Every structure is written in structure tokens, then in C-alpha cells.
*Asks:* 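This is the structure, below, for whatever I ask next.
Remember, predicted model here, so these are calculated numbers, not experimental data. Heavy atoms only: backbone and side chains are in, while hydrogens, waters and symmetry mates are out. In what follows, every chain begins at residue 1, and chains take the letters A, B, ... in the order their sequences are listed.
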Amino acid sequence: QFKGVLSFDQMSTKMNNASVLVACVGMLVYILPSLCFFIPFRWEEERYTDGVKWKFLEHKGPVFAPPYEPLPSNVKFYYDGKHMKLSPGAEEVATFFAKMLDHEYTTKDVFRKNFFKDWRKEMTSEEKSKLTDLNKCDFSEMSEYFKAQSEARKAMTKEEKLENERLLQEYGFCIMDNHKERIANFRIEPPGLFRGRGDHPKMGMLKRRIRPEDIIINCSKDSKYPKPPPGTKWKEVRHDNKVTWLVSWTENIQGSIKYIMLNPSSRIKGEKDWQKYEMARRLKKCVDRIRAQYREDWKSKEMRIRQRAVALYFIDKLALRAGNEKEEGETADTVGCCSLRVEHLTLHQEMDGQEYVVEFDFLGKDSIRYYNKVPVEKRVFKNLQLFMEDKEPEDDLFDRLNTSILNKHLQELMDGLTAKVFRTYNASITLQQQLNELTSSEDNVPAKILSYNRANRAVAILCNHQRAPPKTFEKSMQNLQTKIDAKKEQLADAKRELKSAKADAKVRRDEKSKKAVESKKKAVQRIEEQLMKLEVQATDREENKQIALGTSKLNYLDPRISVAWCKKFGIPIEKIYNKTQREKFAWAIDMAEKDYEF
DNA sequence: TTATGGACTTAGGAGAACTGCT
DNA sequence: AGCAGTTCTCCTAAGTCCATAA
């Protein structure tokens, strides 16, 4: 259905309404084959088939990390209390460690062990024989030096900004099929020490410097190829128009490939984003059938089918991720639905007055903890007991299931359906329902925005999008409360003044005192509004303490729902989406009318 | 059937930039 | 102007899912 989508070429430039209309009609038409003769000829040339992503691609290549600058001779390194001059290679790696000294992970055993092992590889044989114990290394002068440097840099940011702007203009854009597009990450990742998330077995390892010889360039044959820095060569220049990346290289920690790709505002990303939400809307149409199906499958004679059905129920109900298998010892120990282990669930026949409660406790993506107590249907509960029978805690809960089996099944239920579509679907439908429930047209703008944030928050909670509470949270809450108290006093004063003005006006009965009453009334009103705004702010912030709204907003919520909501309730779109977000969602902003339904 | 590679989306944190207040 | 607090942008790790090889 979504193969060879229509061009969004109008998205990168400023769309005019007429072309948007054409685009919308075009899309609609593409979805309804019966109207195929309607496909405007102008799309013909830009609609690709067979996985072709572009016809023309030209760019300037990546920006490399600045070369290493040796430390000034007065910044010293000490081993066992004695000054020691390091070779340039060893010194560079030492500075990576020194820059992280304030961070907790430099105290972790695994980090130190990995770092020291990789550092020794960069040492001269003489250094290697001398430096045998990391605990005897003193990086503090280096650390101080870098702190001073970053202070100094703050003072001269003007020139730096200018240089950054120049680099952006020169390397930050490419031409893809007649359009100048912003590149997302045109800078090559600088060398440093790898910091995994959570309990990562490779934390502290040396991430090596990427050279032109490591780089594969992708561009069209008939474009001006990017030039490698003088005296160097690219690893390869290829012309693969079945992929969207411009530059790639292999990273040395996991051996995986890294890419330079386009910004979310680009046609190629926007189009994909739109397809994602269209897929979720297709799921909406058949989700009832699928739910009925998996409930039926809970009773299956076959264990693998029961497991599949229970896993799918979790993915649907709890918005869990699919849960691919991971290579042990290569990454932090995290799981998703299909990779859940027995130790991650506790079954409670009865808990807090509810029957059949499942307690989940596991680390998910980015080692974020998922903790939830969920009442489930009796049949699910019984199945879980069955799956857990005679197993060790570290055994797989779904031993007859993996993501590939699950996705194959989903594919049969609906063309193009995979596990992650459920997350998108449930997130978007939740936003829409919550907005319908929470928004009142009588509310003023800040109250409506609070409702929006609450709807957004419901989704973030569903998807378990957490953040570390800001370090200054308690204090800033207190400050806000102080402000509110002050405002309340101010309001009381204003009310008193209004009262006396009224009394005054009753006695005097002249124009001047009437006017005074009016202006006092206005003042009271204004202060009331300000107070209300502050209180709303406080509520919003308190509720948001540990919740990250950004991820769902950016990746799970069909932007057309938000755009429609803004139009319906007269909220300026700027209150919901900042500049970057508006660029990313340009297609939705121009497409969705106030009656859009997900 | 499983393992591996490849391409792409999704994720939270760090630091820069901005805003509003005194 | 300077500061504190908030918001935005950048960074890159960590997922998903598909294709292909063994």
C-alpha cells in the first residue's frame, strides 16, 4: 500500500495551500485504487518504486573532529606522585579520562578496567612497563586545565558561533532530487571513551578517531563528489539510491555501522513519518478483529500460539517493545516483551483487592526500569503460570517465541503490521481520546494547554518515557510556590482596593471615581489571571517531575491530532510545537483540518 | 532455522541558548 | 547587565525490523 509514495517535495520549501490540496488529494487517491486515474501526472516522475529512494544526491561529505592538540607543557600528569611526560598518543587518551573525572562512572570498576586496557594499547612500550596501576595515575591537573578551558571558551563564543554557522552552511545541507535539504548529523563523532547506558560491559572502552579512510560516501554518479581532506582518501564512494544515507563508517565498540542522514524536516524522513501514522491508522480499523483473535488464541492447544497470544496482549495493552534477543556480554542486560524472563514477573492471585495481578519489574531500552502492577484476565494469568512452571528465574518466559515469529504472525493479520505499530497506534489513540475528554472549550488558553500536556503525559506514562528529575526540581518548585503566595497577597490587596474604590464611588458618584472602580476591577482580573497561570504551571510541573514528554511527542503521536486540536480550540500551534518540531511536522500542519480524526 | 549485517527509528542526557527577573 | 531557571539542540546509544547467508 505504501510502496512508492507520493512526493512531499513541497515540504522542504514553503508549501502553498493549493499544492497541499493537490498533495492531499494525491495521497487519498493513492490509498483508494478505484480512483487511480486521478493520480496527477506531476507525481508520476517523483513516485519511486522498487525501493529507490532518490535519483540525485549531492553533498560535501562529513566534517571531521578537530585534530588532537597536545597539552601545554605546564599541565602535568603524575604517576605514583612523580611527574611523567606522556607520548602524544597516550596523552590524548589520558585527556579523555581526565575530562570525565567528575563523572560517577570513572569510579566504576568496569569502566576503569576497560579504559586502562585500551589506554595501554596506545602507550609506548616504555610507558606500558611503567604505568601498571590506574589508581596511581593523577589526572587532576589535566582536569583543571579543561575546566579552565571551557570557562575561557564561554568568553569567546562569538567567533566560535560564526565558525559553526560557516560549517553548517558549507556542510549542513545536501541536494536530494532538486531540493536543498538539511543534514541531521554532518559531524563525525569525535574520539573519546564509550559511555554505554546502564550496566554496560563495554563502558570506558576507547572509541577511536575516524579517518577519511574509514568513510564510505554515498552520492549520485552525476553529482560533484565530496573531496577527502588533502592527502587522504575515502574508503569508498558508492552510488546506492536504494538507501537514504550520505556517509557511513564502522564504529569500533560494537562493530556496527554509523550513518549520516537527513534532518527530520526533509522530504524523505517526513514521508516515512507520514507512512508510519497511516500504518497505525490501518491498525485502528482492524484492531478489534486482532484482539478477538489473540483472546481466542489464549485457549489454543499449542503452547507456541498461547505464548504468542499472551505476548501480543502485553504489547497491545501495555505498549511494550517487541524485545529482540541480544548478544550476551555485548550490551547491558535489558529486555522487551519477547525477551522477558521469569524473574521479571511476579504473579499475585490477589493484590490490593484485585484479582490476578501481574507485577512487572525489568530494565527496558536504555536501562530504564519498567515497573507496573497490572490486573489481567484470568486466562492470561493461568497461561503465565503455565509458562513459568518448572523454570529457573533466568529462563525465558516465552520460550517458544521471538520477535521474528511474532512479526511473521502479525504480517498475516494485516499487511505491513509489526509489533512497534501497536505502540504508535496506542499512543496516538490515547492522545486523541484524552484530548476529547480533557479539553473544555470554556477553558482559557493556559488551561487548555494544561489539558494537552496531561493528554501527552498519559501517553508518556503508557510508553514509560522517563527522565531523571531535574537537579533543581525541588528548589524551582519552592520558588514557584513563593511566587504564587506573593501573587495571592497581591490579589487580596487589589480586592481590598477595589472594595474601597467601590465604596468611594458610591459616596461621590462622579465620573472619576467610577473610572477608578473600573480600573481596579481590571487590575483584580489581571492578577487573578496571573495567579491562575502560575497555579497551572505548578500543577503541570509537579505532574511532570519524572516524565519525559518529548519522546512521545516526536515519535509516537500523529501530529495531525495535535494540529487539528489547535485549530479546533484556537490554540496557536507555536504553543504546542517549537520551531524544530514545526519543521519536522510541516506536512501535518499543512494537511490537517480541525476535524481530522486519527 | 539461525546468525549476521544493514538501515532505519527511537531514546535520554549534556550542554548551549534563550527568557524573564532584579 | 547579570543571574537563575527553563527550553532547545545536539549527540549518539540502543532499539526494531528486514534481507541474506550459512
*Asks:* Rounded to the nearest Å, what distance is computed from the CG atom of residue A:Asn555 to the P atom of nucleotide B:dC8?
*Replies:* 17 Å
*Asks:* Please determine whether a side-chain nitrogen of the Lys or Arg among A:Asp333 and A:Arg341 lies less than 4.0 Å from a carboxylate oxygen of the Asp or Glu.
*Replies:* yes
*Asks:* I need the CD1-C1' distance between A:Ile576 and C:dC8, as an integer number of Å.
*Replies:* 16 Å
*Asks:* Locate the shortest heavy-atom distance separating A:His200 from A:Val110; write the atom from each residue and the value.
*Replies:* O-CG1, 4.0 Å
*Asks:* Which heavy atom in A:Ile547 sits nearest to a heavy atom in A:Arg467, and how many Å separate them?
*Replies:* O-NE, 3.5 Å
*Asks:* Give the rounded distance in Å between these two atoms: CG of A:Leu554 and C1' of C:dC10.
*Replies:* 13 Å
*Asks:* Heavy-atom nearest nucleotide on DNA chain B for A:Asn164 versus A:Arg467: which residue maps closer to 5'?
*Replies:* A:Arg467
*Asks:* Should the pair A:Lys207-A:Glu189 be classified as a salt bridge under the 4.0 Å nitrogen-to-oxygen rule?
*Replies:* yes
*Asks:* Could you tell me whether the side chains of A:Tyr294 and A:Asp316 share a donor-acceptor contact shorter than 3.5 Å?
*Replies:* yes
*Asks:* For A:Ile268 and B:dC8, what is the distance between atoms CD1 and P respectively, to the nearest whole Å?
*Replies:* 8 Å
*Asks:* Regarding A:Arg582, tell me which of base, sugar-phosphate or nothing describes its non-hydrogen contacts under 4.0 Å with the strands shown.
*Replies:* nothing
*Asks:* Under a 4.0 Å heavy-atom cut-off, which of residues 256-264 of chain A touch DNA chain B?
*Replies:* A:Ile257, A:Tyr259, A:Met261
*Asks:* Roughly, in whole Å, what's the span from OH in A:Tyr171 to C1' in C:dC10?
*Replies:* 20 Å
*Asks:* May I have the distance from A:Leu167 (atom CG) to C:dC10 (atom P), rounded to whole angstrom?
*Replies:* 13 Å
*Asks:* Treating primed atoms plus P, OP1 and OP2 as sugar-phosphate and everything else as base, which nucleotides of nucleotides 14-22 of chain C get B, S or - for protein heavy atoms under 4.0 Å?
*Replies:* BSBBS----
*Asks:* Who passes side-chain contact (heavy atoms from CB on, under 4.5 Å) against A:Glu163, sequence neighbours left out?
*Replies:* A:Arg166, A:Leu167
*Asks:* I need the CE-C1' distance between A:Met205 and C:dA13, as an integer number of Å.
*Replies:* 15 Å
*Asks:* Do the side-chain N and O atoms of A:Asp273 and A:Gln275 include a donor-acceptor pair separated by under 3.5 angstrom?
*Replies:* no
*Asks:* Remember a base hit wins even if backbone is also touched, and classify A:Ile368 as base, sugar-phosphate or nothing at under 4.0 Å, heavy atoms.
*Replies:* sugar-phosphate
*Asks:* Looking only at side-chain N and O atoms, does A:His103 come under 4.0 Å of OP1 or OP2 in B:dG13?
*Replies:* no
*Asks:* Looking for any heavy atom pair under 4.0 Å, which part of the strands does A:Lys53 touch: base, sugar-phosphate only, or nothing?
*Replies:* sugar-phosphate
*Asks:* For A:Lys207, answer base if it contacts any base atom (sugar-phosphate contacts may also be present), sugar-phosphate if it contacts only those atoms, and nothing otherwise; contact means non-hydrogen atoms under 4.0 Å.
*Replies:* sugar-phosphate
*Asks:* Consider only side-chain N and O atoms of A:Arg423 and A:Tyr556, and report whether a donor and an acceptor are under 3.5 Å apart.
*Replies:* yes
*Asks:* Donor-acceptor check, side chain of A:Lys326 to backbone of A:Ser339, threshold 3.5 angstrom: yes or no?
*Replies:* no
